[in-house]
Amino acid sequence: MKSPFVTDLQPDQIITGTFLVQHKDVRQKKSGDIYLSLTLSDRTGELDAKMWDNAAEAVESFAQDDFVRVKGLMQVFQNRPQLTLHKIQAVIDADIDVADYFPASKRDRDEMFLELQGWIASIGNPHLKSLLQAMFADEEIAKAYRTAPAAKGIHHAWIGGLIEHVLSLCALAKLTAAHYSNIDLDLLLSGAILHDIGKISELKYARSFSYSTEGQLLGHIVIGLRMVDEKLRLFPSFPEKLRDLLLHMIVSHHGELAYGSPKVPLFPEALLLHHLDNLDSKMECMRGLVERDRLVEGVWTGYSAALDRSVLKKAKFLEAPVQPDASGRQQRERIAEASSPFGSKLKDALKS
């Protein structure tokens, strides 16, 4: 079994281990010599790595998406773990258990697919049910749907992430449809199941997660529309108005033109799908940000562009010791306090 994993690594250790090269960049020192800046990963997380010496000899020995065996010193640089590499060597795939290197859902993917089939069976509208059954009777689609991540990196970015995200949406759809009496649950569930189906072709996930050429050119909304339209041709009696409602939900699920939807949601089920999709993705993004954050000190994560904020590590914040201040009042001890000349002067001024 692979050892160590990224989450096992501690500062001031010499480590030897095998990782996936997620990103490779050749940079230049002030001296003119090159060095390597890498992102190494396994199923537990990512690691910043630098090779300052002997980079010219190593640079052609491996490529991005290769598995490599490395030796180096774990350090902390600017409050983040960083591995200074001494040696790096490519490893053949035959020596690798790929399950150790790609993040995957903690749930069994076949069990999730059975749960999905249960949601489809619960749909009362015969047209929508038949369409969904035909979609997932296609073994190529079914296999990809229970394997694909939901995104390249923002939320549910792991093997099985797409179906896990969709099942969460189905549960949320049932709860909210019970609250809003004007919602057609069959239509909402169908939109939830199909809204991201284009991601099975938009994303590549054989190695690191990236976009396919088709994904770059078209995007998952267009790909999804095409996939659903192809299956709809099998049902010439499918109601035209119902078809337009379903396709609109796929087109509008990003909610705003600025976020990639060519139309904004224009009826209740479409609007609700957008907000549920946004809720589920944002909640998972926040959970994952805290779990994967690599800052050594402090109760705040690094900045997340997806959330446009740093996030409080609530558990660490609540564990911080409490001390009385000079006036006898209780205040939480700061885990890590940013320091700067201006900050020091400001604190002195406030104290005085």
Practice task
Look at the rings of F102 and F67 and say which category their plane angle falls in: under 30° parallel, 30 to 60° tilted, over 60° perpendicular.
Solution key: perpendicular
Practice task
Treat each ILVMFWY residue as a node, draw an edge where side-chain heavy atoms are under 4.5 Å apart, and state whether I183 and L189 are in one component.
Solution key: yes
Exercise for the section: Would you mind reporting whether I197 and I250 have side-chain heavy atoms less than 4.5 Å apart? Expected result: no
Problem - Heavy-atom check, side chain of F62 versus side chain of Q89, under 4.5 Å - result: no
Exercise for the section: Carefully, step by step, assess H165 and E284 under the rule side chain to side chain contact (heavy atoms under 4.5 Å, CB included). Expected result: CA-CA 9 Å; H165 169 54; E284 174 51 40; over 6 Å; no
Completion exercise
Correct closest heavy-atom pair for K263 and L257 would be N-CD2, 3.9 Å
Fill in the blank from the handout: Only one of D95, D42, D97 passes salt bridge (Lys or Arg N to Asp or Glu O under 4.0 Å) with K2, and that residue is D42
Handout entry: No-hydrogen, no-angle side-chain donor-acceptor test under 3.5 Å, H155 and D280
Key = no
Handout entry: Close side-chain approach of K231 to I141, heavy-atom, < 4.5 Å
Key = yes
Practice task
Answer yes or no: is there a donor N or O on one side and an acceptor on the other, between the side chain of E269 and the main chain of D184, under 3.5 Å?
Solution key: yes
Handout entry: Among V21, V26, D25, N54, the one residue meeting side chain to side chain contact (heavy atoms under 4.5 Å, CB included) with L36
Key = V26
Practice task
Write down the atom of L266, the atom of H248, and the distance for their closest heavy-atom approach.
Solution key: N-NE2, 3.1 Å
Practice task
Could you check if a side-chain atom of L85 sits within less than 4.5 angstrom of a side-chain atom of L38, using non-hydrogen atoms only?
Solution key: yes
Practice task
Tell me whether the guanidinium CZ or amine NZ of K143 lies under 6.0 angstrom from the six-membered ring centre of F113 and within 45° of its axis.
Solution key: no
Practice task
Give a yes or no on whether the backbone of L272 and the side-chain of H275 come within a donor-acceptor separation of less than 3.5 Å.
Solution key: no
Problem - Cluster overlap F19 with I159, hydrophobic side-chain contacts below 4.5 Å - result: no
Problem - Linked, directly or transitively: Y205 and W158 (ILVMFWY side chains, under 4.5 Å) - result: no
Handout entry: N-O pairing of K316 and E319 below 4.0 Å
Key = no
Exercise for the section: Using a cut-off of 6.0 Å, state whether more than 12 heavy atoms not belonging to D12 lie near its atom CG. Expected result: no
Problem - Minimum side-chain heavy-atom gap V228-M135 below 4.5 Å - result: yes
Problem - Main-chain N/O of S105 paired to R107 side chain as donor or acceptor, under 3.5 Å - result: no
Handout entry: Under 3.5 Å: donor-acceptor pair, side chain of K29, backbone of W52
Key = yes
Handout entry: pair L295-T301: side-chain heavy atoms closer than 4.5 Å
Key = no
Practice task
Could you tell me whether K314 atom NZ has more than 12 heavy atoms of other residues or ligands within 6.0 Å of it?
Solution key: no
Fill in the blank from the handout: Looking only at heavy atoms, the pair that brings G198 and M227 closest together is CA-SD, 4.2 Å
Handout entry: Straight-line distance of L247 CG to S252 OG, nearest 0.5 Å
Key = 10.5 Å
Practice task
Decide side chain to side chain contact (heavy atoms under 4.5 Å, CB included) for D100 and T18; before the verdict, give the C-alpha distance in whole Å, the side-chain angles of both, and the deciding distance to 0.1 Å.
Solution key: CA-CA 10 Å; D100 288 333; T18 307; over 6 Å; no
Exercise for the section: In plain terms, say whether D48 and R80 are close enough for a salt bridge, that is, a side-chain N and a carboxylate O under 4.0 Å apart. Expected result: no
Handout entry: Single-linkage hydrophobic cluster I15~M51, side-chain heavy atoms < 4.5 angstrom
Key = yes
Practice task
Check the side chains of N79 and E297 for a donor-acceptor pair under 3.5 angstrom, ignoring hydrogens and angles.
Solution key: no
Handout entry: NZ/NE/NH1/NH2 to OD/OE distance under 4.0 Å, D66 and K24
Key = no
Practice task
Please confirm whether the backbone N or O of H127 pairs with a side-chain atom of S130, one donor and one acceptor, at under 3.5 Å?
Solution key: no
Problem - R109 side-chain N/O to R146 backbone N/O, donor-acceptor pair under 3.5 Å - result: yes
Handout entry: Any D93 side-chain heavy atom under 4.5 Å of V98 side chain
Key = no
Problem - Residues H254 and D277: side-chain donor-acceptor under 3.5 angstrom - result: no
Exercise for the section: To the nearest 0.5 Å, tell me how far S122 OG sits from Q117 CD. Expected result: 12.5 Å
Exercise for the section: Return yes if a side-chain donor-acceptor contact under 3.5 Å exists between T84 and Q75, otherwise no. Expected result: yes
Fill in the blank from the handout: CZ of F235 to CG of L131, rounded to nearest 0.5 Å, is 6.0 Å
Exercise for the section: Specify whether F136 and Y145 have parallel, tilted or perpendicular ring planes, treating 30° as the upper limit for parallel and 60° as the lower limit for perpendicular. Expected result: perpendicular
Practice task
Show your working on side chain to side chain contact (heavy atoms under 4.5 Å, CB included) between V311 and W300 and close with a plain yes or no.
Solution key: CA-CA 6 Å; V311 172; W300 293 95; 5.6 Å; no
Exercise for the section: Please check if the side chain of N125 supplies one atom and the backbone of L128 the other of a donor-acceptor pair under 3.5 Å. Expected result: yes
Problem - Any donor-acceptor pair under 3.5 Å from S212 side chain to K204 backbone - result: no
Problem - Interatomic spacing from CG in L132 to CD1 in I123 - rounded to 0.5 Å - result: 5.0 Å
Problem - Atom CZ of F267 with >12 non-hydrogen neighbours under 6.0 angstrom - result: yes
Exercise for the section: Indicate, with yes or no, if L271 and M249 share a hydrophobic cluster defined by side-chain heavy-atom contacts under 4.5 Å among Ile, Leu, Val, Met, Phe, Trp and Tyr. Expected result: no
Completion exercise
In terms of heavy-atom contacts, R43 and A99 come closest through CD-O, 3.3 Å
Practice task
Compare every heavy atom of V68 with every heavy atom of V91, then report the nearest pair and how far apart it is.
Solution key: CG2-C, 3.8 Å
Exercise for the section: Can you measure from CD (Q28) to CD1 (I34) and round to the nearest 0.5 angstrom? Expected result: 9.0 Å
Fill in the blank from the handout: Nearest heavy-atom contact between S304 and L289 is CB-CD2, 3.6 Å
Exercise for the section: Please answer whether the main-chain N or O of A192 pairs with a side-chain N or O of H195 as donor and acceptor at a distance below 3.5 Å. Expected result: yes
Problem - Test side chain to side chain contact (heavy atoms under 4.5 Å, CB included) applied to L40 and V6, step by step - result: CA-CA 9 Å; L40 305 178; V6 167; over 6 Å; no
Handout entry: Donor-acceptor side-chain pairing of D308 and Y303 below 3.5 angstrom
Key = yes
Handout entry: Distance (rounded to the nearest 0.5 Å) between L20 CG and Q64 CD
Key = 9.0 Å
Practice task
Check whether any side-chain heavy atom of W119 lies under 4.5 Å from a side-chain heavy atom of E115, and answer yes or no.
Solution key: yes
Handout entry: K129 atom NZ: more than 12 heavy-atom contacts under 6.0 Å
Key = yes
